[in-house]
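What follows is a single structure, written as structure tokens, with notes after it.
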Amino acid sequence: MQVSFACTEHNLKSRSEDRLCGLRTAPPPGGSSGGSGSGQGGNGNYAPQGSAKSRDAGVPRPLPQGHAHMKEAIGRHSSMKYRNLGKSGLRVSCLGLGTWVTFGSQISDEMAESLMTIAFENGVNLFDTAEVYASGRAEVTLGNIIKKKGWRAETERGLSRKHIIEGLSGSLSRLQLDYVDLVFANRSDVNSPMEEVVRAMTFVINQGMAMYWGTSRWSAMEIMEAYSVARQFNLIPPVCEQAEYHYFQRDKVEVQLPELYHKIGVGAMTWSPLACGLITGKYSDGVPDCSRASMKGYQWLKERVHSEEGRRQLAKIKELHLVADRLGCTAAQLAIAWCLRSEGVSSVLLGVSNTDQLLENLGAMRILTQMTPQTVGEIDALLGNKPHSKKESRA
């Protein structure tokens, strides 16, 4: 049997606007302030026996037309180019390394290691061998080198079958779990056919690696496409979409997702209920040294705080604090309870950096009963918004 395998994707970068997906990039899901609300790894984020991620909403997913939608990418640390293998989601280097004749017979193991090292460092991620090469010695040599170098790691991004399976396997190993309850496909990947994504998610569920799968930051069109593919081929459809939701980010959760919930049963798990801490009011007098906006890699948040729109939002937040004071709660508790009152929202993810923040945020549950239509209407009036849904409140 002849076999080929691809090692890591060498931190691919796009040659155009091709958005390869994978581990979360800023702004990350999480709720209030401080650190992220969930760990990262492999195919995305996972919570023990709870929820686990790997796709971006906002633009319609282009229909596959041959190779037209599968754009060429280039490595970040080499000039190697990568292309999809046929119409699959697997990205392979344009040049690969074969082992016929050479490995295990014509050259020494030391030379074989040198060749593979040079190839890998120059962006080659595709290696080919067969059981008949040097009567199996080629495979032995190749395997010894791979084990020594530790190259056969999970791929770093994308929703190919390879990444979904390897990424989840790696996460389960790090979590020391046999399975997770929910695995998310985080951000869309135009380079992976939807059928491949749904089949891979169905596979990991059938293998007992996960119980359900969902999407994160997918558009309504992409979610419906996944559902249609699942129904067409008798596969497992997604059950949940994870979306950003707070006072200043409402349309998707209040307009698009309720329709999906009623049509195909997709629920909502939301993140960033405090808009990365903006709603707490801690940025009203500038950016504190210990805040998330002051951290490396969060310049986008600092710019958001100082922007004209950010200043307008901070002014509205000061008024909302008066509503919270009247209800006997904090601004954070009010904002989280406001998220929970929305139809279709199953859970709100919290992001905290200390125990006091966590206890404060958990206190939002006692405020939920006070989220009457009148209270919600008052908040909408202060925000200058009109309610997006007639069935918006659960109170």
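This one's a predicted model, so the numbers in the text were calculated from it and none came from an experiment.
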Note to self: side chain to side chain contact (heavy atoms under 4.5 Å, CB included), that's the test. Do Ile236 and Asn206 meet it? Break it down for me.
What the structure shows: CA-CA 9 Å; Ile236 300 174; Asn206 288 339; 4.0 Å; yes
Next item on the list: Give the intermediate values and the outcome of side chain to side chain contact (heavy atoms under 4.5 Å, CB included) for residues Glu241 and Gln256.
Entry: CA-CA 11 Å; Glu241 159 65 9; Gln256 299 176 31; over 6 Å; no
Next item on the list: Begin with the C-alpha distance, continue with both residues' side-chain angles, and end with the deciding distance and a verdict on side chain to side chain contact (heavy atoms under 4.5 Å, CB included) for Ile336 and Leu274.
Entry: CA-CA 7 Å; Ile336 295 167; Leu274 305 182; 4.2 Å; yes
Margin query: Determine whether Thr215 and Glu222 satisfy the following criterion, side chain to side chain contact (heavy atoms under 4.5 Å, CB included), listing intermediate values before the conclusion.
Written below: CA-CA 9 Å; Thr215 59; Glu222 290 166 339; over 6 Å; no
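Annotation: salt bridge (charged side-chain N to carboxylate O under 4.0 Å, His left out) contacts of Glu259 (sequence neighbours excluded): Lys263. Phe103 meets the ring-ring contact (aromatic ring centres under 6.0 Å, His included) test with no other residue; sequence neighbours excluded. Residues that satisfy the salt bridge (charged side-chain N to carboxylate O under 4.0 Å, His left out) test with Arg199, not counting sequence neighbours, are Glu195. Applying the side-chain contact (heavy atoms from CB on, under 4.5 Å) criterion to Thr117, with sequence neighbours excluded, gives Glu113, Glu121, Lys149, Trp151.
The closest donor-acceptor contact from the side chain of Ser347 to the backbone of Met269 lies at 3.5 Å or more, if one exists at all. The main-chain N or O of Gly104 is never found under 3.5 Å from a side-chain atom of Tyr133 such that the two would form a donor-acceptor pair. Proximity of a side-chain donor or acceptor of Thr102 to a complementary backbone N or O of Ile107 within less than 3.5 Å is not detected. Under the 3.5 Å distance criterion, the side-chain polar atoms of Gln333 are matched with a main-chain donor or acceptor of Thr330. No donor-acceptor distance shorter than 3.5 angstrom exists from the side chain of Glu196 to the backbone of Ser160, with no hydrogens or angles considered. Panel note: side chain Gln249, backbone Glu244; no donor-acceptor pair is recorded below 3.5 Å.
One finds the CE atom of Met371 at 5.5 Å from the CG atom of Leu334 (value rounded to the nearest 0.5 Å). Rounding to the nearest 0.5 Å gives a distance of 4.5 Å between CG of Leu278 and CG of Leu314. Taking SG from Cys329 and NE2 from His321, the interatomic distance works out to 10.0 Å, rounded to the nearest 0.5 Å. Within the model, atoms NE2 of His163 and CG of Leu168 stand 10.0 Å from one another, a figure rounded to the nearest 0.5 Å. Atom-to-atom distance recorded for Leu90:CG and Asn84:CG is 8.0 Å, nearest 0.5 angstrom. In this structure, CZ in Arg341 is found 15.5 Å from CD in Gln370, a value given to the nearest 0.5 Å.
Closest heavy-atom contact between Val183 and Ala210: CG1-CB, 3.8 Å. The shortest non-hydrogen separation linking Met194 to Val229 is CG-CG2, 3.9 Å. The two residues Ile145 and Asp109 have their closest heavy-atom pair at CD1-O, 4.5 Å. A pairwise comparison of heavy atoms in Gly96 and Val124 identifies CA-CG1, 4.0 Å as the closest pair. When all heavy atoms of Gly214 and Leu182 are compared, the pair lying nearest together is N-CD1, 3.8 Å. Scanning all heavy atoms of the two residues, the minimum distance from Ser342 to Glu254 falls at OG-CG, 4.0 Å.
Aromatic ring centres of Tyr245 and Trp338: separated by under 6.0 Å.
Residue pairs meeting the salt bridge (charged side-chain N to carboxylate O under 4.0 Å, His left out) criterion with at least one partner in residues 322-334, sequence neighbours excluded, are Arg326-Glu378. Residue pairs meeting the salt bridge (charged side-chain N to carboxylate O under 4.0 Å, His left out) criterion with at least one member in residues 346-374: none, sequence neighbours excluded.
Surrounding CZ of Phe248 are more than 12 heavy atoms belonging to other residues, nucleotides or ligands, all under 6.0 Å away.
Both Leu340 and Leu383 are assigned to one and the same hydrophobic cluster, defined by single-linkage of ILVMFWY side chains at heavy-atom distances under 4.5 Å. Note: the hydrophobic cluster containing Ile165 also contains Trp213 (ILVMFWY, side chain heavy atoms under 4.5 Å, direct or indirect links). Leu322 is not connected to Ile317 by any chain of hydrophobic side-chain contacts under 4.5 Å among Ile, Leu, Val, Met, Phe, Trp and Tyr, and they are in different clusters. If you chain together hydrophobic residues whose side chains sit under 4.5 Å apart, Val140 and Trp100 never meet in one group. In this structure, Met116 is not a member of the same hydrophobic cluster as Ile118, with clusters built from ILVMFWY side-chain heavy atoms closer than 4.5 Å.
Counting heavy atoms from C-beta on, the side chains of Tyr247 and Leu382 never come closer than 4.5 Å. Side-chain contact between Ile164 and Met201 is present, with at least one heavy-atom pair separated by less than 4.5 Å.
The pair Arg91-Asp189 does not count as a salt bridge, with every side-chain nitrogen at least 4.0 angstrom from each carboxylate oxygen.
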